[in-house]
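First the structure, in the form of structure tokens, and then the observations on it.
Lettering follows sequence order; numbering is per chain, from 1. Scope of the values below: all heavy atoms of this structure, side chains included, with no hydrogens, waters or symmetry mates.
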Amino acid sequence: QKEVEQDPGPLSVPEGAIVSLNCTYSNSAFQYFMWYRQYSRKGPELLMYTYSSGNKEDGRFTAQVDKSSKYISLFIRDSQPSDSATYLCAVRFYNQGGKLIFGQGTELSVKP
Amino acid sequence: GAGVSQSPSNKVTEKGKDVELRCDPISGHTALYWYRQSLGQGLEFLIYFQGNSAPDKSGLPSDRFSAERTGGSVSTLTIQRTQQEDSAVYLCASSLDGSVNSPLHFGNGTRLTVT
């Protein structure tokens with residue numbers, strides 16, 4: 001079993017749709033959660049970062065963490081063609097720096 | 001430059017040859033990471049440096065892979081006797097101090113093709 005599971009998609013939605021991207025993780029010792037966006041032939045860039053259960057909003061993006069069910073989500077409101085990219089969830093151990101463990105990534109396409 | 005810089009951006013090599021991949025982290029960042037991304041796959045952790053030391057090298061897939069970091073800055077990932085399964089994008093990232101609150105900033109990677 002992978003430490004972080006993510007549906008690879010691809011996911012195709014019309015412009016303006018609400019997008020839901022999800023990951024599950026296996027180890028309750030993971031306490032820090034991130035979402036990265038990766039455009040084709042580019043490195044991943046950090047979108048959202050949280051360490052507590054509940055919701056965190058940043059513009060059109062909302063990150064949600066449910067530690068009881070080991071489930072993390074990213075919601076994109078009013079999706080735009082420019083949101084077309086691969087979205088990667090990542091986790092990190094509590095009180096331990098160092099590596100991030102990534103999910104497989106979900107490829108998203110927003111059609112105009 | 002402001003970001004993480006990797007070179008070369010593309011590398012084609014013959015099976016059995018050695019390759020060196022270079023990473024220049026963001027100035028002042030003490031932590032440096034190497035990841036590998038195969039086609040359609042997520043990021044696979046290879047090694048983590050704090051300064052010039054590597055407290056976590058658990059992701060290196062075989063003894064053909066090695067990495068070093070000098071002067072707390074530039075890092076080189078070396079793959080000896082390359083195999084076709086080594087073909088992937090090799091990504092480097094740096095963070096300010098490697099702490100849990102310190103996000104990773106990635107370069108655009110080196111795309112390695114082994115023929």
Side-chain angles (χ1 to χ4, degrees), chain A residues 1-11 21-27 29-52 56 58 63 72 85-108, chain B residues 1-7 9-10 21 23-26 29-51 53-60 67 88-111:
Chain A
Q1 181 190 9
K2 290 184 179 180
E3 292 181 285
V4 183
E5 299 274 2
Q6 185 176 8
D7 186 341
L11 182 62
L21 304 166
N22 308 294
C23 290
T24 58
Y25 60 95
S26 58
N27 192 335
F30 293 134
Q31 294 287 318
Y32 289 81
F33 310 94
M34 282 135 285
W35 284 95
Y36 279 79
R37 177 175 63 193
Q38 185 177 25
Y39 291 114
S40 180
R41 294 187 172 262
K42 297 290 187 182
E45 57 178 338
L46 181 67
L47 268 181
M48 302 280 289
Y49 164 64
T50 185
Y51 56 88
S52 58
K56 181 177 181 180
D58 185 1
I72 54 179
T86 296
Y87 290 80
L88 298 138
C89 62
V91 300
R92 205 173 207 175
F93 286 105
Y94 172 72
N95 204 31
Q96 179 180 346
K99 68 184 179 187
L100 300 182
I101 299 170
F102 284 85
Q104 188 178 352
T106 300
E107 183 182 349
L108 172 67
Chain B
V4 176
S5 178
Q6 293 188 245
S7 61
S9 54
N10 287 282
L21 312 179
C23 173
D24 280 277
I26 293 172
H29 280 194
T30 64
L32 186 147
Y33 310 76
W34 285 98
Y35 283 82
R36 179 169 70 175
Q37 187 173 32
S38 301
L39 187 64
Q41 300 298 310
L43 275 68
E44 175 189 7
F45 169 77
L46 297 178
I47 188 169
Y48 157 57
F49 286 94
Q50 182 59 256
S53 302
D56 188 352
K57 53 179 78 172
S58 62
L60 293 177
V89 177
Y90 289 82
L91 290 159
C92 176
S94 68
S95 75
L96 183 62
D97 57 13
S99 68
V100 291
N101 293 314
S102 182
L104 273 63
H105 301 269
F106 284 86
N108 287 327
T110 294
R111 186 172 300 270

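- Scored by the side chain to side chain donor-acceptor pair (under 3.5 Å) test, H105(B) finds no partners at all (sequence neighbours excluded).
- Looking at L104(B), both its backbone and its side chain come within 4.5 Å of chain A, counting heavy atoms on both sides.
- Y35(B) touches chain A through its side chain: at least one heavy atom from C-beta onward sits under 4.5 Å away, while N, CA, C and O do not.
- Applying the side chain to side chain donor-acceptor pair (under 3.5 Å) rule to D7(A) yields no partners; only residues at least two apart in sequence or on another chain are considered.
- Contacts of D97(B) with chain A are absent, with no heavy-atom separation under 4.5 Å from either backbone or side chain.
- Neither the backbone nor the side chain of P8(A) comes within contact range of chain B, judged by heavy atoms closer than 4.5 Å.
- Within a 6.0 Å radius of OH in Y51(A), other residues, nucleotides and ligands contribute 12 heavy atoms or fewer.
- For F93(A) and F30(A), the distance between ring centers is under 6.0 angstrom.
- Residue Q38(A) touches chain B through its side chain alone, counting heavy-atom pairs closer than 4.5 Å.
- Residue with the most contacts toward chain A among E44(B), R111(B), Q37(B), Q6(B): R111(B) (heavy-atom pairs, distance under 4.5 Å).
- Both the backbone and the side chain of L100(A) have a heavy atom closer than 4.5 Å to some heavy atom of chain B.
- In this model, a donor atom of one side chain and an acceptor atom of the other lie less than 3.5 Å apart for S58(B) and D56(B).
- Two rings, from F106(B) and Y36(A), have their centers less than 6.0 Å apart.
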